[in-house]
Asks: 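So that we are looking at the same thing, I have put the structure below in structure tokens.
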2 protein chains.
Amino acid sequence: MANIKDVAERAGVSVATVSRVLNGRSPVAETRERVLAAVHELGYRPNVVARSLRTARTRTLGLVISDLRNPFFTELADAVEQEARRLGYSLIIGNAGESPQQQDDYIRTLLDRRIDGLMVSSAGTGSEMLGEVVASDTPLVLLDRTVPGIAAPCVRAAGGAALTDLAAHLAALGRHRPAVIVAPAGTPIGDERLELFATALATHGIALPAERIGSSPDLGPGGGRRVMRELLDLPEPPDAVLATDNLMALGALDEVRARGLRVPDDVALVAFDDVPWFAHTDPPLTAIAQPTRDLGRAAVHALLERIEGRPADSVLLPARLVVRRSCGEGPTHPGPSH
Amino acid sequence: MANIKDVAERAGVSVATVSRVLNGRSPVAETRERVLAAVHELGYRPNVVARSLRTARTRTLGLVISDLRNPFFTELADAVEQEARRLGYSLIIGNAGESPQQQDDYIRTLLDRRIDGLMVSSAGTGSEMLGEVVASDTPLVLLDRTVPGIAAPCVRAAGGAALTDLAAHLAALGRHRPAVIVAPAGTPIGDERLELFATALATHGIALPAERIGSSPDLGPGGGRRVMRELLDLPEPPDAVLATDNLMALGALDEVRARGLRVPDDVALVAFDDVPWFAHTDPPLTAIAQPTRDLGRAAVHALLERIEGRPADSVLLPARLVVRRSCGEGPTHPGPSH
DNA sequence: CATGGCCGTGTAATCGATTACCTGTCCCCG
DNA sequence: CGGGGACAGGTAATCGATTACACGGCCATG
């Protein structure tokens, strides 16, 4: 593969001149033409590895997400990737698979590659690598999930308004025994959603007792199903369940159907995170939709601010309630009317 | 951030010795200890950019896929990423969004970054960049989709057996007016699936006339829905539809429901590509499942063979039919019995 | 006791770019 | 007509690693 020296020789100039032409500096028209011709004839492309070594910038961002197979994170990653690319950056996506160990592994790799900035949607709790990121001066932005003790801007959705709407929705439908399926206590975002929901319910005089708060360390469908089983086995089973993750909601739905029960007749079901598929499940699921693509874009922008040396603030974007049919009453929907 | 020179100074040795210790070459125990101590105290990590410049290897692979938001490709990407990481490689995922132009853009970027090898699940047809990849001697493996005229091993699923099973399944259920929703003619993989299916149907004496072969350049739900509309508007509408992509199947399902028709009562629906959500749609969809994770692993292995200078063969892994309820009869399934 | 080989380690070239600094030309103006 | 400034473009240092080659010390062997 041709390098800058080959181009210089063919154009009869020095490497410095070639570099200047390609980076839009001084040279005069005639020289410039010769260089560009040589570049074209040789099919020359600058070696970004060498360039990065010299300039100490890689024009690459890192994104570590909790679970690539979770459609919420997929869409987030897609949005981040598009925005990064639009701004001239490449993106390396790291998949932590909800394991803090794997997450640290990946952050390590990304730091080694000297990425210009890092976005992390943190898996689980305590990760010493995040501390190292801050110590290494690599610009960092947290995405979707905050991490206590880490001084970095966080971009996420504010669920308050949507959860208030949801509480009102459930109250209006006469559901008075709500339950929640959350990530284990200690996960900042789970705790927050739980608290906001409980507060919203309280304004309608509805309680959320501890036994109707179920959690599982497995954030996939399996975990959701197991928690739903426990909830349904309660002496006073819930008449409405909010799952704080879309995959857990799916598992919960499985358990309901496996028992021959029906949503929403026997129990209402709501998911946090709206994903396209929820419109096609049986029944279509009411969900709290995060502004996923906006979150991705905002994260990239915040990160670029930090990369360029400016401070960046945390960003909170509002989530909203999308009512379908899984609570007993939905919008008139062009679907089969059974 | 500390570099190799800092380590050398602190350990009282030369940079060469440090490099040798870290790469497991000669040095003697005592020197080695001093070096490792210095590495540890300084928190030294080798600069992979500099290393790559020198060694001309980046230990990074590229994967360009057609659409990150399509769950089939997501799972594929996830499998590829895990296997690559297991073998000590990083992965840069590029999202072509079904646009050949964007695909070429991304391939260009990846070549510029001097990735060690490239996997491409090609969007659409004719891409001159793929030719350039071959010309640049960058190891290349095609994934899921072949590209005529490109001499590279291709890893994909063989749909023959599954499509034969499907034809038998439909025949047994008395469906005699099948239709197909495919990508536009010319897309190698679409054509192939179509042909295999037609052949399989023929052995049961079932015809697949041209008017029941619908295609759309839009491979998302929108395209699927539009094609399904045309099919249902036929004077003799089909009683079974195979969509060769999971998102198109989803759009098709939408159209059926929007008309107040029912699956499978009014029309059977089958999707190529099984994704977890199909078990939760209304009704659960019968699908042809590709061995997605195996495909991802095989692609990485084939690519590494080529990177290490050995030839690599194309790989064909069998797909299989997963029967659910969208053709009118499914396995006893723990679901609501309505 | 001299010589040769081996082993551990240092010196310096190298990868391919960017860029500070210097040189040489040309032109303008006093 | 000479001096200075502007500007094009060349020379060489630099980024941080790897690695070919050289060197010196030690041991073994003739």
Side-chain angles (χ1 to χ4, degrees), chain A residues 1-39 42-60 88 90 109 111-116 136-138, chain B residues 1-39 42-60 88 90 109 111-116 136-138:
Chain A
M1 206 170 246
N3 63 23
I4 198 172
K5 223 168 122 193
D6 301 330
V7 175
E9 267 166 34
R10 181 172 254 260
V13 298
S14 74
V15 294
T17 302
V18 176
S19 176
R20 281 191 275 252
V21 168
L22 264 26
N23 293 291
R25 298 261 197 284
S26 43
V28 89
E30 202 243 339
T31 314
R32 150 180 245 93
E33 306 265 297
R34 278 218 316 285
V35 171
L36 292 179
V39 164
L42 294 173
Y44 168 73
R45 301 241 90 209
N47 183 325
V48 304
V49 175
R51 172 182 293 163
S52 294
L53 176 59
R54 184 63 235 258
T55 61
R57 302 198 73 203
T58 53
R59 296 217 132 243
T60 302
S90 296
T109 308
L111 286 184
D112 283 354
R113 286 185 185 261
R114 302 299 200 266
I115 49 163
D116 292 343
S136 79
D137 265 343
T138 304
Chain B
M1 208 168 244
N3 62 24
I4 198 173
K5 224 168 122 194
D6 300 331
V7 175
E9 266 166 35
R10 183 172 251 262
V13 298
S14 74
V15 294
T17 301
V18 175
S19 176
R20 282 190 274 252
V21 168
L22 264 27
N23 294 291
R25 299 263 196 286
S26 43
V28 90
E30 200 243 342
T31 314
R32 151 180 244 93
E33 305 265 298
R34 279 217 316 284
V35 170
L36 291 178
V39 164
L42 294 172
Y44 168 74
R45 303 240 87 210
N47 184 323
V48 304
V49 175
R51 172 182 292 164
S52 294
L53 176 59
R54 182 63 233 255
T55 61
R57 303 198 73 204
T58 53
R59 297 218 131 239
T60 302
S90 296
T109 308
L111 287 184
D112 283 354
R113 285 181 186 263
R114 302 299 200 266
I115 48 163
D116 292 342
S136 79
D137 264 342
T138 305

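Order of the sequence lines sets the chain letters (A, B, ...), proteins ahead of strands, with each chain counted from 1.
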Asks: Applying salt bridge (charged side-chain N to carboxylate O under 4.0 Å, His left out), name anything that partners B:Arg54, two or more places apart in sequence or on another chain.
Replies: none

Asks: Have a look at the helix from C:dC1-D:dG30 to C:dG30-D:dC1 and give the angle its two end axes make, five pairs each, rounded to 10 degrees.
Replies: 60°

Asks: Could you tell me whether a side-chain N or O of A:Asp6 sits under 3.5 Å from a main-chain N or O of A:Glu9, the two making a donor and an acceptor?
Replies: no

Asks: Please check the phosphate of D:dA17 (OP1 and OP2 only) for any side-chain N or O of B:Ser19 closer than 4.0 Å.
Replies: no

Asks: Once you round it to whole Å, what is the distance between P of D:dA8 and CD of A:Glu30?
Replies: 13 Å

Asks: Can a side chain N or O of A:Ser52 be found less than 4.0 Å away from OP1 or OP2 on D:dC15?
Replies: no

Asks: About how many Å separate CG of A:Leu22 and CZ of A:Arg32, when rounded to the nearest 0.5 Å?
Replies: 9.0 Å

Asks: Hey, what are the protein-to-nucleotides 10-12 of chain C N/O distances that come in under 3.5 Å?
Replies:
{"unit_1": "C:dG10", "atom_1": "OP2", "unit_2": "B:Ser14", "atom_2": "N", "d": "2.8"}
{"unit_1": "C:dG10", "atom_1": "OP2", "unit_2": "B:Ser14", "atom_2": "OG", "d": "2.9"}
{"unit_1": "C:dG10", "atom_1": "OP2", "unit_2": "B:Thr17", "atom_2": "OG1", "d": "2.5"}
{"unit_1": "C:dG10", "atom_1": "N7", "unit_2": "B:Arg20", "atom_2": "NH2", "d": "2.7"}
{"unit_1": "C:dG10", "atom_1": "O6", "unit_2": "B:Arg20", "atom_2": "NH1", "d": "3.3"}
{"unit_1": "C:dG10", "atom_1": "O6", "unit_2": "B:Arg20", "atom_2": "NH2", "d": "3.4"}

Asks: Mind listing the closest non-hydrogen atom pair of B:Pro46 and B:Arg51 along with its distance?
Replies: CB-NH2, 3.4 Å

Asks: Mind calculating the distance between OH (A:Tyr44) and P (C:dG16) to the nearest angstrom?
Replies: 10 Å

Asks: Can you check the A:Arg45 CZ to C:dG16 C1' distance for me, whole Å?
Replies: 15 Å

Asks: How long is the straight-line distance from OG1 of B:Thr60 back to CD1 of B:Ile115, given to the nearest 0.5 Å?
Replies: 8.5 Å

Asks: Which residue is it: B:Leu36, B:Val18, B:Thr17? I am looking for the one with a side-chain contact (heavy atoms from CB on, under 4.5 Å) to B:Thr31.
Replies: B:Thr17

Asks: It should be established whether B:Asn47 places a side-chain nitrogen or oxygen under 4.0 Å from OP1 or OP2 of nucleotide D:dG16.
Replies: no

Asks: Is there a donor and acceptor pair closer than 3.5 Å between the side chain of B:Arg54 and the base of C:dT14?
Replies: yes

Asks: Apply side-chain contact (heavy atoms from CB on, under 4.5 Å) to the pair B:Asn23 and B:Ser19, showing each step before the final yes or no.
Replies: CA-CA 6 Å; B:Asn23 294 291; B:Ser19 176; 3.3 Å; yes

Asks: Pick base, sugar-phosphate or nothing for B:Thr55, based on heavy-atom distances below 4.0 Å to the nucleic acid.
Replies: sugar-phosphate

Asks: If we only count heavy atoms from C-beta on, is the A:Thr58 to A:Arg113 side-chain gap below 4.5 Å?
Replies: no

Asks: Considering only heavy atoms from C-beta outward, does the side chain of A:Val13 approach that of A:Arg34 to under 4.5 Å?
Replies: yes

Asks: Nearest-Å distance, CG (A:Leu42) to P (C:dA17)?
Replies: 12 Å

